[in-house]
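Report on one structure; see the data block that follows.
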Amino acid sequence: DAEDEVASFHKLAAPLIDHVKADEPTTKSFTVLTSDQDPLVVLVLERYDDKANAYEKVHRKSLQFLDFRPELSKLKPVINGSSYDETGMGFYERNASEYERLASGRNASTAAWCLAAGLFFESEEQVEQVLKAAKPFAEYLYEQEPTTLGYLVMRSDQDPKKVMIFERFADRETAYLSIHRTSEAYLTFQKELEQMDHFIDEMEPFREE
């Protein structure tokens with residue numbers, strides 16, 4: 001059944017993930033996340049130094065990737081892929097000692113609760129405005145919200161009017177709801193967003209595996 005197929009996916013992906021971590025220094029991160037709303041939905045977040053070399057020449061031509069793709073096809077998954085350029089604003093994770101402390105002795109990756117929010121804007125000028133507003137907000141999060149484990153601002157490389165904000169928190173109830181969403185900095189940033197013509201395309205919660 002579908003749950004068995006998800007388990008098969010994780011089993012198939014394990015050797016590829018091990019290879020990426022050990023032998024692909026140009027892959028910045030390769031994370032598998034499971035939807036908080038639907039256990040049959042999996043998100044693979046891949047980050048590379050660049051597309052032409054790190055992704056196309058190194059990752060996609062590795063033996064592990066070439067073994068993985070045909071086996072994945074046999075599971076007949078519905079694949080919806082999007083690609084983005086990182087803007088240089090924000091951070092994906094904190095230094096190891098801080099990360100360890102926040103996880104309270106647990107493996108940090110299993111502690112993270114994530115949110116992927118895709119935003120469409122009416123114009124590229126509005127995108128530039130939101131990027132300008134996001135910069136001090138991301139800096140605030142890194143300096144003042146230690147339970148916000150990551151906050152990446154990305155721009156679609158196919159649609160310049162689409163922005164993706166990928167957020168990682170120590171947990172949902174405290175780090176996200178009680179601390180992040182009630183801060184003055186968050187409320188200020190949200191007000192700036194509300195002044196622009198935009199809509200949220202997708203806001204999906206995930207748990208890191």
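All residue numbers refer to positions in the sequence shown, counting from 1.
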F121 and H198 aromatic ring geometry - parallel, tilted or perpendicular at 30°/60° bounds: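 Ring orientation, 0 to 90° scale: parallel.
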Aromatic plane relationship, H180 with Y151 - under 30° parallel, 30 to 60° tilted, over 60° perpendicular: tilted
If every non-hydrogen atom of [X] is compared with every non-hydrogen atom of [Y], which pair is closest and at what distance?
X    : Y    : value
N53  : D50  : N-OD1, 2.6 Å
R60  : L66  : O-CD2, 3.6 Å
S183 : E145 : OG-OE2, 3.6 Å
D171 : A175 : OD1-N, 3.0 Å
A112 : L149 : CB-CD1, 4.1 Å
T148 : F169 : OG1-CE2, 3.6 Å

Is the shortest distance from a Lys or Arg side-chain nitrogen in [X] or [Y] to a carboxylate oxygen in the other one below 4.0 Å?
X    : Y    : result
K191 : E194 : no
K132 : E128 : no
D85  : R155 : no
E56  : K61  : no

W113 and D36: CA distance, side-chain angles, deciding distance, side-chain contact (heavy atoms from CB on, under 4.5 Å) verdict: CA-CA 9 Å; W113 183 84; D36 244 9; 2.5 Å; yes
Indicate if [X] and [Y] have the same hydrophobic cluster label, given that clusters are the connected sets of ILVMFWY residues with side-chain heavy-atom separations under 4.5 angstrom.
X    : Y    : answer
M196 : M89  : yes
M164 : Y55  : no
Y48  : F166 : no
M154 : V44  : no
F120 : F189 : no

How long is the span from the [atom1] atom in [X] to the [atom2] atom in [Y], to the nearest 0.5 Å?
X    : Y    : atom1 : atom2 : value
D18  : Q64  : CG    : CD    : 9.5 Å
Q126 : Q195 : CD    : CD    : 11.0 Å
L12  : K74  : CG    : NZ    : 9.0 Å
L187 : T182 : CG    : OG1   : 7.5 Å
K21  : H19  : NZ    : NE2   : 13.0 Å
S156 : K161 : OG    : NZ    : 11.5 Å

Q37 atom CD, over 12 foreign heavy atoms within 6.0 Å: yes
Considering only heavy atoms from C-beta outward, does the side chain of [X] approach that of [Y] to under 4.5 Å?
X    : Y    : answer
P205 : R172 : no
S8   : L75  : yes
V6   : D4   : no
L119 : I165 : yes
V42  : F9   : yes
C114 : E167 : no
R69  : L72  : yes
V130 : E192 : no

S178 (side chain) donor-acceptor with E173 (main chain) under 3.5 angstrom: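 Yes, the answer is positive, given that a donor and an acceptor are paired below the 3.5 Å cut-off.
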Flag, side chain of Q144 to backbone of Y140, donor-acceptor distance under 3.5 Å: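 Not confirmed, Q144 side chain does not pair with Y140 backbone.
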Test log, rule side-chain contact (heavy atoms from CB on, under 4.5 Å), inputs V127 and V163: CA-CA 7 Å; V127 173; V163 172; 3.8 Å; yes
Pair listing, ring-ring contact (aromatic ring centres under 6.0 Å, His included) test, anchored in residues 64-85, at least two apart: H59-F65
Contacts of E204 that satisfy side chain to side chain donor-acceptor pair (under 3.5 Å) - sequence neighbours left out: none
For residues 27-34, which side-chain N or O atoms pair as donor and acceptor with protein atoms under 3.5 Å away, sequence neighbours left out?
| unit_1 | atom_1 | unit_2 | atom_2 | d |
| --- | --- | --- | --- | --- |
| T27 | OG1 | E24 | OE1 | 2.6 |
| S29 | OG | R47 | NH1 | 3.1 |
| T31 | OG1 | Y92 | OH | 2.8 |
| T34 | OG1 | E209 | OE2 | 2.2 |

